[in-house]
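Residues: numbered from 1 along the sequence shown.
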Amino acid sequence: MRNLPAGRTAQFAADAVRAVPPESTQQAIGYPSLFALVLVGSLVPVIPTGALVSSAAVVAFHQKAPYSLLLVFVVSALAAFLGDTCLYWLGMRGVRSRNGSRWLDRLTERTAPEQIAAAREKLDAHGVPVLIVSRLMPAGRIPVMVACLLTRMPMRTFVRGNAPACLAWAGTYALIGIAGGSLFPEPWQGVAAAVGLTLLISAAPMVWRRVRHA
């Protein structure tokens, strides 16, 4: 392919730069999208929400607008809190119903019996603080939530423990994103590093269980 003349190359680069949405547009789209994805990921635990928060923090780190990182933290924590609260409420309906519910069944199916038993022991020994630890541990949230449901922990008690848990979770993954953003000059490099690290953290418990049972 022929090389473009210098003038046309400069024009092409300028057009590419202009094609990138301004920060205000990115924020208008990005924060609602982050909120929706974290909310859905909390309700349906198949979306890597931690990677989403870290990626958003990388992008916010490279933006010039003030309070971008704070908004990522607040939006992520609020979405996670609302998602967990809705999921627990749906699970409580299943516990109280004679026929159960599909939400409770799905939560139980995703959790091994030994994980539920271990979570119940931790709840009996340490109480509400276990919720904070479970939010930070990969694959730790659902077993503890199921244990809370089976022990019929009141909604008010769950909410009181889940609020700081979501704040700690959002802060932890935002810090991972800040680290990625500070180590790499380009946002996409920081996003790739943050996503890789969060996925590695998420996969660690599964790998450890397979190694133990091998």
Side-chain angles (χ1 to χ4, degrees), residues 21 23-63 65-92 102-104 106-107 110-111 130-146 148-149 155 158-181 187-188 190-206:
E23 283 190 11
S24 58
T25 303
Q26 294 178 33
Q27 293 171 0
I29 298 174
Y31 293 126
S33 299
L34 176 64
F35 180 87
L37 288 172
V38 173
L39 179 64
V40 173
S42 299
L43 286 168
V44 185
V46 294
I47 299 175
T49 51
L52 290 172
V53 176
S54 296
S55 300
V58 171
V59 175
F61 180 84
H62 286 279
Q63 289 182 341
Y67 310 119
S68 295
L69 285 169
L70 179 60
L71 284 173
V72 169
F73 168 73
V74 171
V75 168
S76 302
L78 179 60
F81 175 76
L82 292 177
D84 285 356
T85 302
C86 290
L87 187 60
Y88 193 77
W89 179 77
L90 291 169
M92 285 291 290
R102 61 187 182 93
W103 288 96
L104 181 60
R106 287 178 180 178
L107 288 174
R110 293 181 61 88
T111 310
V130 175
L131 287 170
I132 301 176
V133 178
S134 71
R135 246 300 180 176
L136 297 177
M137 291 180 59
R141 179 175 69 103
I142 298 302
V144 171
M145 184 178 290
V146 172
C148 291
L149 289 169
M155 173 67 76
F158 176 82
V159 167
R160 188 170 64 247
N162 191 51
C166 291
L167 291 173
W169 171 82
T172 299
Y173 281 100
L175 286 174
I176 293 175
I178 292 172
W188 70 266
V191 169
V195 170
L197 179 58
T198 53
L199 292 180
L200 181 63
I201 293 173
S202 300
M206 184 183 299

S.K.: Which heavy atom of Val72 sits nearest to which heavy atom of Ala60, and what is that distance?
M.R.: CG2-CB, 3.8 Å
S.K.: For Leu167 and Phe81, what are the C-alpha separation, side-chain angles and deciding distance, and is it a side chain to side chain contact (heavy atoms under 4.5 Å, CB included)?
M.R.: CA-CA 8 Å; Leu167 291 173; Phe81 175 76; over 6 Å; no
S.K.: Just verifying a value: how many Å separate Thr85 OG1 and Met155 CE, rounded to the nearest 0.5 Å?
M.R.: 6.5 Å
S.K.: So which atom in Arg135 and which in Ala80 form the shortest heavy-atom distance, rounded to 0.1 Å?
M.R.: NH2-CB, 3.5 Å
S.K.: Looking only at heavy atoms, what is the nearest atom pair of Leu43 and Cys86, with distance?
M.R.: CD2-CB, 3.8 Å
S.K.: Does Tyr173 use its side chain to pair, donor to acceptor, with the backbone of Ser76 at less than 3.5 Å?
M.R.: no
S.K.: Locate the shortest heavy-atom distance separating Ala168 from Ile132; write the atom from each residue and the value.
M.R.: CB-CG2, 4.4 Å
S.K.: For Ala174 and Ala57, work out which heavy atoms get closest and say how close.
M.R.: O-CB, 3.5 Å
S.K.: Can you name the nearest heavy-atom pair linking Phe35 to Ala79, along with the distance?
M.R.: O-CB, 3.4 Å
S.K.: Are the side chains of Val144 and Met137 in touch, meaning some heavy atoms are under 4.5 Å apart?
M.R.: no
S.K.: Before you tell me yes or no, could you show the steps for Trp169 and Asp84 under side chain to side chain contact (heavy atoms under 4.5 Å, CB included), namely the whole-Å CA-CA distance, both residues' side-chain angles and the distance that decides it to 0.1 Å?
M.R.: CA-CA 12 Å; Trp169 171 82; Asp84 285 356; over 6 Å; no
S.K.: I'd like to know whether Leu87 forms a side chain to side chain contact (heavy atoms under 4.5 Å, CB included) with Ser42, so could you lay out the CA-CA distance, the side-chain angles of the two residues, the decisive distance to 0.1 Å, and finally the verdict.
M.R.: CA-CA 8 Å; Leu87 187 60; Ser42 299; over 6 Å; no
S.K.: Once you round to the nearest 0.5 Å, how far does CE of Met145 lie from CG of Asn162?
M.R.: 6.5 Å
S.K.: Look up atom CG in Leu149 and atom CH2 in Trp89, then write down how far apart they are to the nearest 0.5 Å.
M.R.: 13.0 Å
